[in-house]
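Labels below follow one simple rule: chain letters A, B, ... track the order of the sequence lines, proteins then strands, and each chain is numbered from 1. From a predicted model like this one, the values you see are computed outputs, not experimental measurements.
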There are 2 protein chains.
Amino acid sequence: MSCSEEYTPQLRARGYRMTPQRHAILHVLCHSGIHLSPTQVYQQAVKELPDITETTVYRTLEFLAENGLAYPAHMGSGHLGYQIARNDHHHLVCRNCGKEMEVDHALVKSMYQKLESASGYKLTDSHVTFFGLCSNCK
Amino acid sequence: MSCSEEYTPQLRARGYRMTPQRHAILHVLCHSGIHLSPTQVYQQAVKELPDITETTVYRTLEFLAENGLAYPAHMGSGHLGYQIARNDHHHLVCRNCGKEMEVDHALVKSMYQKLESASGYKLTDSHVTFFGLCSNCK
DNA sequence: TTCCTTATTGCAACTTTTTGCAATAGTATG
DNA sequence: CATACTATTGCAAAAAGTTGCAATAAGGAA
Ligand SMILES: [Mn+2]
Ligand SMILES: [Mn+2]
Ligand SMILES: [Zn+2]
Ligand SMILES: [Zn+2]
């Protein structure tokens, strides 16, 4: 019944394994929904799995991002946060007050296509953070 | 004659000071042109200014970015690099081979405007890293 | 030039993140 | 169920990045 169950076959199919640590971390990400720092993930996960280590959290978050199960996000601090992968979206962050807002990928899809045809690249990541000033701060 | 001279009046005008450390760091950034990690900047700067410390390099790079003299860049690793601020541009990075390419801001300007009118934000940072697969790897 | 204000630096302690390697434990197979 | 293979983990040490605070020095004013 844990939301992390659904990921087991995805991992197996690629030759990876489902472990209690990955369960715990996926569980944390699923039930939060928002971006969490590795430390925040660790603090939540260790409640469920007292033996989990920070090292494993860092490695697992990177692993999940590489395999498309989590989105890495550049937070205001310049550090990475992570979020369970669901709908394609991007973020706007206010440089002044930190206020954050999600925008659907559809809004920038045509720009992605323009970039692709101009560069020859195929853009894979649909989770970008744009910085600016929010309506209050500008 | 050092490229860093031109920044002195900009700093003074805002109540900041030009120091040998800032000279050295701006010099490194100017003559590199490309994105450098804080460690790389330190290793170059310490050759010119043996007493400079890593702490100062971290603080100075953040300071220069906040004041628009340097662009912070999210490198493939997820860590921050820095580059002297010149022409507005963005980056495409290949997730597979790491190949990097610059694209002019003009190419995404209309999308920035679309995002601004849809969100109410004023987008200030014109130095974004997009990830994908290059023409060879896709 | 000298004095004064305070922005900036260096140091030391601390936190966060990364890495190598040996021990552990998923899971496929018989 | 037992065995083998190797992906994954934990540990310890190292590297990278941050923070508080006292000492230093840039640069405006006299
Ligand atoms: Mn997100
Ligand atoms: Mn750049
Ligand atoms: Zn704001
Ligand atoms: Zn490539």
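Not one side-chain nitrogen or oxygen of Arg17(B) sits closer than 4.0 Å to the OP1 or OP2 atom of dA25(D). Taking only side-chain nitrogens and oxygens, Tyr58(B) comes nearer than 4.0 Å to OP1 or OP2 of dG17(D). Thr39(B) has a side-chain polar atom (N or O) that falls below the 4.0 Å cut-off from OP1 or OP2 of dG17(D).
Aromatic pair His31(B)/His27(B): centroids less than 6.0 angstrom apart.
Closest to the side chain of Thr53(B), out of dC11(C), dA7(D), dG28(D), is dC11(C). Side-chain proximity of His79(A) to the nucleotides dT17(C), dT8(D), dT9(D) is greatest for dT17(C). Taking every side-chain heavy atom of Thr55(B) into account, dT18(D) is the closest of dT16(C), dT18(D), dA7(C).
For DNA chain C, the neighbouring residues in residues 19-38 of chain B, judged by any heavy atom under 4.0 Å, are Thr19(B), Gln21(B), Arg22(B).
At a threshold of 4.0 angstrom between heavy atoms, the contacts of Arg12(B) are confined to the sugar-phosphate backbone, with no base atom among them.
Not a single donor-acceptor pair under 3.5 Å links the side chain of Ser32(A) to the backbone N or O of Leu29(A).
The CG atom of Leu49(B) sits 10 Å away from the P atom of dT9(C) (whole-angstrom rounding). For Arg59(A) and dC11(D), the CZ to C1' distance is 10 Å, given to the nearest whole Å. If you measure from atom CD of Glu54(A) to atom P of dT18(C), you get 13 Å, rounded to the nearest angstrom. In this structure, Tyr42(B) places its OH atom 14 Å from P of dA15(D), rounding to the nearest Å. Residue Gln43(A) contributes atom CD, which lies 13 Å from atom P of dT15(C) at whole-angstrom precision. Taking atom CD of Gln40(B) as the reference point, atom P of dA15(D) lies 17 Å away to the nearest angstrom.
Taking a cutoff of 4.0 Å between a charged side-chain nitrogen and a carboxylate oxygen, Asp125(B) and Arg95(A) qualify as a salt bridge.
Checked options Glu102(B), His127(B), His105(B); the residue passing with His90(B) is His105(B) (criterion: side-chain hydrogen bond (donor to acceptor under 3.5 Å, both in side chains)).
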